[in-house]
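Please read all numbers here as calculations on a predicted model, not as lab measurements. Throughout, a chain's letter reflects where its sequence line sits, starting with A, and its residues are numbered from 1.
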Protein chains: 2
Amino acid sequence: MRQVPPSGRPTLDEVAAHAGVSRSVASRVLNNAPHVSRAKREAVERAVRDLGYVPNPKARALATRQAGAAALVISQHDPSVLADPFFGQVIAGVSSVLEEAELHLMLCLAASDRSRKRVGDLLRSRGVDGVMMMALHGDDPLAHMATETALPVVFGGRPGGADPRWYVDIDNVAGARHATEHLLAGGRRNIVTICGPLDTEVGRARHQGYREALLLAGRIPQAFEVGDFNEPSGAAAMTRLLAQRPDIDGVFAANDNMAAGALRALREAGRSVPHDVAVVGFDDLPVARITDPALTTVHQPIRDLGREMARMVVGVIEGGDPSPLLLPSHLVVRSSA
Amino acid sequence: MRQVPPSGRPTLDEVAAHAGVSRSVASRVLNNAPHVSRAKREAVERAVRDLGYVPNPKARALATRQAGAAALVISQHDPSVLADPFFGQVIAGVSSVLEEAELHLMLCLAASDRSRKRVGDLLRSRGVDGVMMMALHGDDPLAHMATETALPVVFGGRPGGADPRWYVDIDNVAGARHATEHLLAGGRRNIVTICGPLDTEVGRARHQGYREALLLAGRIPQAFEVGDFNEPSGAAAMTRLLAQRPDIDGVFAANDNMAAGALRALREAGRSVPHDVAVVGFDDLPVARITDPALTTVHQPIRDLGREMARMVVGVIEGGDPSPLLLPSHLVVRSSA
DNA sequence: AGACAAAATGGGAGGGCTTCCAAGAACGCG
DNA sequence: CGCGTTCTTGGAAGCCCTCCCATTTTGTCT
């Protein structure tokens with residue numbers, strides 16, 4: 001262990017001495033607590049400025065038992081998730097709200113078992129005041145771990161097995177339903193779907209929305225294939241579907257990346273979009289404007305998702321008990337359907 | 001100020017008592033320091049397990065003056081940067097290395113003045129052991145702030161004015177040169193470029209690489225237009241360039257998003273790619289495979305950039321003085337050129 | 001067995017802040 | 001002018017660890 005060197009930074013004691021008051025008074029000024037005379041308050045403020053004093057957050061955290069930070073945990077085995085701009089947007093939303101609440105953001109990418117353990121320790125050691133968790137596959141041990149610690153935990157998208165107290169989710173079922181209804185309204189008859197992994201809630205929910213739309217219209221859901229939310233898997237799924245049912249005229253893909261892959265596969269198979277086959281995606285990622293033809297897709301308020309998660313976790317930290325939230329999505333019609 | 005509730009979590013004292021040793025011994029076991037008998041070491045380990053003890057990182061940080069965390073600061077006025085998958089990849093790289101070094105990652109999106117101030121306080125208060133800074137425009141005050149704190153600071157991409165001690169950068173000049181040389185080798189004669197913002201080092205460097213290639217080939221650089229690294233700006237720039245010089249037959253775009261925009265503008269202008277006009281991008285983002293035709297582009301090791309930044313900051317934290325790094329990029333030839 | 005070196009141990013002093021509490025100052029009012 | 005209130009104030013006790021150091025134990029060698 002390294003020796004502890006003197007820090008060199010001014011401490012609250014020095015500020016107090018410089019201002020001619022006791023440490024208690026100085027502390028009260030910093031936390032603008034009452035019971036400080038105007039004169040001393042100003043003296044302390046001057047001393048703070050003169051000395052360039054910045055409170056030591058660790059000491060404060062130790063005394064108050066508050067970390068001054070919240071964690072965003074993204075639990076994913078595949079580290080390439082972040083290649084998806086989706087998380088960037090969530091992070092931006094989270095960050096903007098936490099900032100207002102004066103909380104720092106600890107980002108935890110829980111890919112390996114080792115890192116999951118580290119996240120667990122972070123929570124158990126109260127290294128953060130609250131947690132936001134995203135992208136949980138199946139019933140992730142991290143979900144239990146988080147609830148066990150009795151820390152405020154907000155889920156982004158409901159985790160598989162559990163029924164969490166606080167979560168924010170996109171209304172995936174409704175979104176997928178609208179997408180499929182749009183295909184039906186366009187006169188499509190043989191509508192298939194490319195799903196996300198069915199061990200994720202998103203994957204399941206979007207698949208269910210697709211089925212609901214067809215069943216409500218008195219039709220039987222057709223074939224489906226499962227992808228992993230990335231472009232290549234979408235192309236592969238599309239190819240398999242075409243082989244199974246050559247008469248396909250509509251495709252609902254559970255996200256835009258896979259829809260883009262489907263577009264590519266269709267092009268390679270010589271089908272024209274939207275003339276022969278109409279395609280609808282989900283997410284409204286930037287890629288949706290770039291494909292040719294541009295993707296009709298379900299826009300989801302990703303940034304808001306992050307913002308609301310953060311707002312919710314802040315609410316819980318401050319002692320509230322906010323209700324779960326289901327954010328609305330809406331269809332953006334472009335050229336592919 | 002809220003009352004301090006009892007924490008309920010076991011402390012090191014309790015572990016020591018439970019194991020029948022002094023706190024010092026328990027501490028030594030936890031830090032696996034020498035001078036502990038086998039018997040007591042095991043007793044302490046058992047007590048830790050029995051009590052479910054997790055050390056309080058704040059207390060430790062206070063005592064050791066080490067935060068156990070590093071910050072990644074992304075300084076951008078426009079919060080939409082994160083829509084770009086670029087940062088996601090950097091984050092993934094950073095995260096994987098920090099994890100091995102047992103450091104937590106604090107993510108700071110310094111968009112507003114308020115948030116920049118908060119970042120400043122975080123650094124001054126030694127809330128982190130080291131900092132990585134990215135995407136600095138011009139001479140960002142944050143850059144000075146960081147160096148002033150005498151904290152290990154690694155820059156991702158050199159900041160504008162300064163000449164930092166530690167940085168990791170992509171060799172943008174060479175990359176842009178190769179891209180342009182590829183266009184030349186393809187027999188293109190009227191090669192223009194769509195630049196990034198010229199107050200960023202990336203923007204300038206890629207522009208310079210383009211110029212170098214042309215000058216080395218004994219040609220005079222042609223027209224250029226400036227974009228903001230997003231798709232629409234690329235399309236707009238392309239349109240302006242076509243208006244200026246209708247005989248364009250080659251375009252080097254400073255990133256893939258703008259290249260995708262250029263592709264769209266060219267299509268709308270009735271030019272065929274790569275027959276009439278060849279296009280080369282930069283970054284090799286996922287979008288490069290999706291465009292039609294797929295983009296020939298300069299692949300940069302984004303993940304490695306993050307990894308190397310983290311490795312470097314860890315190195316400095318541990319007392320080393322690593323040399324700056326320039327990561328190589330390479331051309332990926334697809335269909336657009 | 002005695003002398004000496006080496007290893008093991010626990011006491012205690014920080015690290016920098018918050019907050020309880022008791023004591024002192026200021027003030028209003030009859 | 002005295003008494004009870006209400007503010008202000010500073011002392012001191014934590015919060016939970018790390019690490020120096022003096023002390024005790026163990027082990028080695030002659």
Exercise for the section: May I have the step-by-step check of salt bridge (Lys or Arg N to Asp or Glu O under 4.0 Å) for B/E308 and B/R303, ending in yes or no? Expected result: CA-CA 9 Å; B/E308 294 301 341; B/R303 188 78 141 276; over 6 Å; no
For the side chain of [X], starting at C-beta, report the closest nucleotide among [options].
{"X": "A/H35", "options": "D/dT8, C/dG16, C/dG15", "value": "D/dT8"}
{"X": "B/T64", "options": "C/dT18, D/dT18, D/dT9", "value": "D/dT18"}
{"X": "A/R28", "options": "C/dG11, C/dG15, D/dG10", "value": "D/dG10"}
{"X": "B/N56", "options": "D/dG10, D/dC17, C/dT9", "value": "D/dC17"}
{"X": "B/T11", "options": "D/dC15, D/dC17, D/dG10", "value": "D/dC17"}
{"X": "A/V36", "options": "D/dA13, D/dC16, D/dT9", "value": "D/dT9"}
{"X": "A/R65", "options": "C/dC21, D/dC16, C/dT18", "value": "D/dC16"}
{"X": "A/S27", "options": "C/dT19, D/dA13, D/dC21", "value": "C/dT19"}

Exercise for the section: By nearest nucleotide on DNA chain D, pick out whichever of A/R23 and A/P34 is the more 5' one. Expected result: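 Final value for this comparison: A/P34.
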Think [X] has a side-chain N or O under 4.0 angstrom from the OP1 or OP2 of [N]?
{"X": "A/Y53", "N": "C/dC17", "result": "yes"}
{"X": "A/S22", "N": "D/dG10", "result": "yes"}
{"X": "B/S37", "N": "C/dT9", "result": "yes"}
{"X": "B/K40", "N": "C/dT9", "result": "yes"}

Handout entry: Distance-only side-chain donor-acceptor flag, A/S27 / A/S24, under 3.5 Å
Key =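 A/S27 vs A/S24: no donor-acceptor pair found between side chains.
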Practice task
Scan B/K58 against the nucleic acid and name what it touches under 4.0 Å (heavy atoms): base, sugar-phosphate only, or nothing.
Solution key: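 Touches nothing.
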Practice task
Answer with base, sugar-phosphate or nothing: what part of the nucleic acid does B/P55 contact at a heavy-atom distance below 4.0 Å?
Solution key: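 Touches sugar-phosphate only.
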